[in-house]
Amino acid sequence: MYDIIIVGAGPAGLTAAIYARRASKKVLVLEARSYGGQIINALDIENYPAAFHISGFEFATNAYEQAKELGAEFIFEKVIDITEDKKVITEKNTYQGKTIILATGFDKRKLNLPNEEELLGKGISYCATCDGSFYKKKTVAVVGGGTTALEDALYLSDIAAKVYLIHRKDSFKVSEDIKNNLQEKENIELIYNSNVTKLNATDYLESIEVTDNEGKSTTINVDGLFIAIGRIPETQNFAKIINLDNSGYIIAGENCHTNIPGIFTAGDNRTKKLRQLVTATSDGAIAATEAIKYISDESKK
Amino acid sequence: MEIIEVNQDNFEEEVLNTEGKVLVDFNANWCGPCKMLRPILEEVAKDSTVKIVSINIDDAEELASSYHVFSIPCLVLLENGKEINRSVGFRPKEEIEELIGGKK
């Protein structure tokens, strides 16, 4: 029996583990893939106090080593279900906790086209700063209409020969600064009111079919397509018992309490205004502290 | 087996001229997921008879391009010099062992 089972080993989950171990609780962290979460893709962290200019990888590794050294147990298994009586079920095992902290973060939103998955790394990418350098002097497209999509297009315009920016609406809801920067780039072509409807490939992506709101389709030859259409919180496996908002975020206030007593949430998968490294670690500390308080209150009953 | 660092100069000798399977890890210093993958590859290498080599793409741009590497980490499995499988992104140990065809 664990005092606290933490689902997800990103910055929120790792911080929760550190706080829980400092209070001598028996802690298990379950993670489906690697520790670190989204931050491992950050080349350089500039906005976290006292961790100026370190890579996301270093940040994650430091936090992971810290949690391990303090005595947190890590098991790399994917969690597929949780129960109200604090059982955590993975693909391989079931673990019993007194409390659970859900710190699963989010995943990239996909276009959901048939061959999208198999073309990952063969022309399809979800991370312009990670994969952009492979498209020197090539033709690429970015799909999306938010800040990430526009920043991706700007970043890629300095590397690629040509960048198409495809947006399903007729204007961008971003700051004027970014819009002005966009207009200055001669090699960015904007395609409004359109969706990417087909990926054409033999071994690698060769072209995309773009369909406008009136149903007219065009084929554009591209070497790469960067998908920047947002993110979805990884919360679907908990939806049976945990209340989610319309976008799938776990409904919880600053105290990180979910609708089930003893089950808490922390980090990017929680309903909140600002999703940053510093708010994720903050959530981790709060959720752990609330979990510790819950265990102590229950033991007095 | 130890992971062997490979570049343009010794690629032919270490990879193409190697009989049987070779797993090529395309990576870079600036790539976080690549650094997460490295210790896992080292563990796989300990228990496996498949030769594993590491290529820093910044030192071997032509190799990365000729193998159509568009995202890293990228693991390419070659058998007698021919590609037979690949995977992109971080992978846990079991999936890498599956990719190269099980443990020894």
Side-chain angles (χ1 to χ4, degrees), chain A residues 9 31-45 54-61 64-65 75-78 91-92 107-108 117-138 140 160 201-206 222-227, chain B residues 8 23-44 46-47 54-78 82-100 103:
Chain A
E31 166 61 51
R33 305 199 74 80
S34 67
Y35 66 84
Q38 303 290 328
I39 197 66
I40 65 164
N41 289 314
L43 302 183
D44 187 25
I45 295 169
I54 73 169
S55 70
F57 168 75
E58 280 178 274
F59 183 91
T61 303
Y64 173 65
E65 295 297 339
I75 295 178
F76 290 87
E77 290 174 8
K78 187 176 169 56
E91 285 170 332
K92 291 177 185 158
D107 201 1
K108 296 134 290 216
E117 200 125 320
E118 63 184 75
L119 289 174
L120 182 66
K122 296 176 178 177
I124 295 291
S125 172
Y126 300 89
C127 179
T129 50
C130 311
D131 300 335
S133 62
F134 296 104
Y135 295 89
K136 274 180 201 150
K137 307 257 178 340
K138 299 200 169 179
V140 299
T202 41
D203 291 329
Y204 304 94
L205 183 69
E206 286 159 5
V222 296
D223 301 296
L225 174 66
F226 290 83
I227 299 167
Chain B
Q8 208 87 46
L23 184 69
V24 184
D25 166 33
F26 288 95
N27 60 73
N29 292 335
W30 46 263
C31 160
C34 300
K35 290 184 181 169
M36 322 279 301
L37 190 62
R38 177 71 190 215
I40 291 171
L41 285 175
E42 277 164 13
E43 259 186 61
V44 172
K46 258 191 257 165
D47 303 332
S54 162
I55 295 181
N56 183 329
I57 55 149
D58 290 329
D59 301 332
E61 249 180 63
E62 278 172 40
L63 279 177
S65 151
S66 67
Y67 278 87
H68 299 278
V69 174
F70 286 118
S71 182
I72 52 171
C74 178
L75 297 174
V76 178
L77 183 68
L78 304 174
K82 285 209 181 92
E83 176 172 345
I84 55 168
N85 212 341
R86 78 162 61 194
S87 94
V88 174
F90 179 86
R91 290 282 178 272
K93 193 178 172 200
E94 300 78 51
E95 284 182 34
I96 295 169
E97 284 170 346
E98 205 174 299
L99 177 84
I100 61 176
K103 286 191 220 180

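The figures here come from the full heavy-atom set of this structure, side chains too, leaving out hydrogens, waters and symmetry mates. Chain letters run A, B, ... following the sequence lines, proteins first, then strands; residues in each count from 1.
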Within this structure, what is the [atom1]-[atom2] distance for the pair [X] and [Y], rounded to the nearest 0.5 Å?
X: B:C74; Y: A:D131; atom1: SG; atom2: CG; answer: 10.0 Å
X: B:H68; Y: A:L205; atom1: NE2; atom2: CG; answer: 13.0 Å
X: A:S133; Y: B:D58; atom1: OG; atom2: CG; answer: 7.0 Å

Check [X] against [Y] and note the closest heavy-atom contact, atom names and distance.
X: A:G121; Y: B:S71; value: CA-CB, 3.7 Å
X: A:K138; Y: B:F70; value: NZ-CE2, 4.0 Å
X: B:V88; Y: A:L120; value: CG2-O, 3.9 Å

Segment of B:R91 engaging chain A (4.5 angstrom heavy-atom cut-off): both
Check whether B:I40 gets within reach of chain A through its side chain, its backbone, both or neither, counting any heavy atom under 4.5 Å. neither
Chain B contact via A:Y135 - which portion, at a heavy-atom distance below 4.5 Å: side chain
What part of A:S34 gets within 4.5 angstrom of chain B, counting heavy atoms only: side chain, backbone, both, or neither? both
Kindly check if the number of other-residue, nucleotide or ligand heavy atoms within 6.0 Å of CD (A:E206) is above 12? yes
B:K35 with A:E58: basic N within carboxylate O range, under 4.0 Å: no
B:W30 vs A:F134 aromatic rings, parallel, tilted or perpendicular, using cut-offs 30° and 60°? tilted
Side-chain donor/acceptor of A:R33 to backbone N/O of B:F90, under 3.5 Å: yes
Are any of the side-chain heavy atoms of B:K93 and A:F76 separated by less than 4.5 Å? no
